[in-house]
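A short write-up of the structure that comes next.
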Amino acid sequence: MSVSSELPRAARRILTRNDYVDRRSPHGARFFLGKYLCVQAHDGYAEGIITETEAYGGAKDKASHAFGNKRTPRTEIIYSLGGAAYVYLCYGVHHLFNIVTGPLDSPEAVLVRTVRITDGHELVRQRRYGVRERDWCNGPGRVCAALGIGLDHNCHDLLLGEKIWIEDRGLQVPPRQVERAPRIGVDYAGTWALKPWRFIWTQYVDIDKLPLS
DNA sequence: CTCTCGATTAGCT
DNA sequence: GCTAATCGAGAGA
């Protein structure tokens with residue numbers, strides 16, 4: 001049985017402006033655990049539960065692309081009002097998806113690191129051909145590969161409910177199931193790399209523990 | 001214009 | 001554990 005079928009229809013709600021603006025870094029990143037990331041791409045639709053996030057934010061955060069309030073064509077979207085998508089190409093190979101949060105001119109974003117697919121399995125199976133299901137979306141590059149997120153989603157408005165958006169379907173994340181850990185791949189950030197700004201829904205991040213499907 | 005490097009991953013040894 | 005892949009942003013000449 002799928003989670004969506006267990007929930008009443010009324011519980012489905014596309015996140016609105018304040019859901020994004022009020023999520024200040026770093027703790028706001030926790031809010032997105034248990035939310036549904038929905039993506040309509042050229043080749044079809046797929047969605048999944050967000051189970052791991054990382055906070056990036058504040059001009060002081062040396063790991064952030066907006067460190068020192070640096071404004072460039074690429075980073076400008078991070079300064080916009082919360083509720084936009086920030087997608088960029090990393091290592092020339094992988095797309096990484098971020099949720100822009102916080103008020104205008106406050107450069108905060110949440111990187112989505114892991115997702116559990118809840119719809120669009122056949123499409124994702126094609127996109128991730130040859131990869132076992134447990135490795136479909138555990139990693140920010142894999143999340144984008146599985147859901148079909150690309151540069152065409154960059155700067156997209158998450159409030160529109162088209163192409164890419166996030167839904168709250170009433171799924172509750174028990175506080176005791178949330179672990180915090182240092183962010184990955186940001187050793188260059190010195191002491192900022194040590195901050196526990198990664199949020200993991202432990203019961204769901206490991207597919208073997210999932211009650212779903 | 002040239003050069004460097006990266007919020008990663010897959011495929012090896 | 002090691003590293004190639006692959007390309008655009010950003011910095012500097």
Side-chain angles (χ1 to χ4, degrees), chain A residues 20 23-33 37 39 48 50-80 82 84-102 106-117 124-156 158 164 166 179-201 205-207:
Chain A
Y20 297 103
R23 306 309 155 191
R24 307 307 304 271
S25 185
H27 296 93
R30 188 209 179 287
F31 169 79
F32 296 100
L33 296 179
L37 177 56
V39 182
I50 297 171
T51 55
E52 185 180 6
T53 59
E54 264 180 15
Y56 286 84
K60 296 177 185 173
D61 181 7
K62 198 174 179 182
S64 169
H65 291 164
F67 173 64
N69 264 321
K70 180 173 65 174
R71 283 179 184 261
T72 66
R74 182 180 69 159
T75 63
E76 194 59 34
I77 189 63
I78 310 175
Y79 292 83
S80 70
Y86 169 44
V87 183
Y88 72 98
L89 185 63
C90 187
Y91 292 98
V93 182
H94 309 286
H95 295 288
L96 274 65
F97 168 70
N98 292 257
I99 305 160
V100 175
T101 62
S106 181
E108 302 171 31
V110 174
L111 173 69
V112 176
R113 292 200 69 92
T114 304
V115 156
R116 170 63 198 273
I117 297 297
V124 174
R125 191 182 307 281
Q126 293 172 29
R127 289 170 175 164
R128 303 288 288 141
Y129 183 76
V131 178
R132 55 185 180 175
E133 186 166 349
R134 61 175 297 138
D135 290 328
W136 278 356
C137 321
N138 54 344
R142 293 169 179 171
V143 166
C144 289
L147 293 178
I149 299 173
L151 286 182
D152 53 319
H153 291 97
N154 190 30
C155 300
H156 194 79
L158 297 174
I164 186 165
I166 300 175
E179 276 183 14
R180 298 184 58 176
R183 294 174 294 180
I184 294 174
V186 292
D187 290 345
Y188 58 84
T191 59
W192 288 88
L194 304 177
K195 296 182 180 298
W197 286 11
R198 180 156 58 102
F199 296 79
I200 309 153
W201 189 3
V205 79
D206 183 347
I207 198 169

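The shown structure was predicted, so the numbers you read here are calculated from the model rather than taken from an experiment. Residue numbers begin at 1 in each chain, while the letters A, B, ... track the order of the sequences.
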Just call it for A:Arg183: base, sugar-phosphate, or nothing, with non-hydrogen atoms closer than 4.0 Å on any strand.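 Counting heavy atoms under 4.0 Å across all strands, no contact is made by A:Arg183.
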With sugar-phosphate meaning primed atoms plus P, OP1 and OP2, does A:Val186 contact a base, only sugar-phosphate, or nothing at under 4.0 Å between heavy atoms?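 Sugar-phosphate only.
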Rounded to the Å, how far apart are [X] [atom1] and [N] [atom2]?
| X | N | atom1 | atom2 | answer |
| --- | --- | --- | --- | --- |
| A:His95 | C:dG8 | NE2 | C1' | 11 Å |
| A:Asn98 | B:dG6 | CG | P | 17 Å |
| A:Arg71 | C:dG10 | CZ | P | 13 Å |
| A:Leu89 | B:dT8 | CG | P | 13 Å |
| A:Leu111 | B:dT8 | CG | C1' | 11 Å |
| A:Tyr129 | B:dA10 | OH | C1' | 17 Å |
| A:Asn138 | B:dT8 | CG | P | 13 Å |
| A:Glu54 | B:dA7 | CD | P | 11 Å |

Any salt bridge linking A:Arg183 with A:Glu54? Criterion: basic side-chain nitrogen under 4.0 Å from a carboxylate oxygen.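 Salt bridge: no.
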Any strand: nucleotide that pairs with C:dA13 via Watson-Crick or wobble, under 3.5 Å: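 Partner of C:dA13: none.
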Who does C:dC7 pair with, Watson-Crick or G-U, both distances under 3.5 Å?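 Check on C:dC7: paired to B:dG6, both distances under 3.5 Å.
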Looking at every non-hydrogen atom in both residues, tell me the closest pair between A:Pro140 and A:Leu96 and how far apart they are.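 Where A:Pro140 meets A:Leu96 most closely, the heavy atoms are CB-CG, 3.9 Å.
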Side chain of [X] (C-beta onward), nearest among [options]:
| X | options | answer |
| --- | --- | --- |
| A:Lys70 | C:dC7, C:dA11, B:dT8 | C:dA11 |
| A:Thr72 | B:dA7, C:dA9, B:dT9 | C:dA9 |
| A:Tyr188 | C:dC7, B:dT9, B:dA7 | B:dA7 |
| A:Arg128 | B:dA7, C:dG10, B:dA10 | B:dA10 |

The test is side-chain contact (heavy atoms from CB on, under 4.5 Å); show your working for A:Glu108 and A:Arg24 and say whether it passes. CA-CA 7 Å; A:Glu108 302 171 31; A:Arg24 307 307 304 271; 2.7 Å; yes
For A:Val39 and A:His153: C-alpha separation, side-chain torsions, deciding distance, then whether side-chain contact (heavy atoms from CB on, under 4.5 Å) applies. CA-CA 9 Å; A:Val39 182; A:His153 291 97; 3.8 Å; yes
So, is [X] near the phosphate of [N], with a side-chain N or O under 4.0 Å from OP1 or OP2?
| X | N | result |
| --- | --- | --- |
| A:Tyr91 | B:dA7 | no |
| A:Arg198 | B:dA7 | no |
| A:Arg113 | B:dA7 | no |

Pick the nucleotide of DNA chain C nearest each of A:Leu151 and A:His94; which residue has the one closer to the 5' end?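 Looking at the nearest nucleotide for each, A:His94 comes out on the 5' side.
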Could you go through A:Arg142 and A:Asn138, starting from their C-alpha distance and side-chain angles, then the distance that decides it, and tell me whether this counts as side-chain hydrogen bond (donor to acceptor under 3.5 Å, both in side chains)? CA-CA 6 Å; A:Arg142 293 169 179 171; A:Asn138 54 344; 2.9 Å; yes
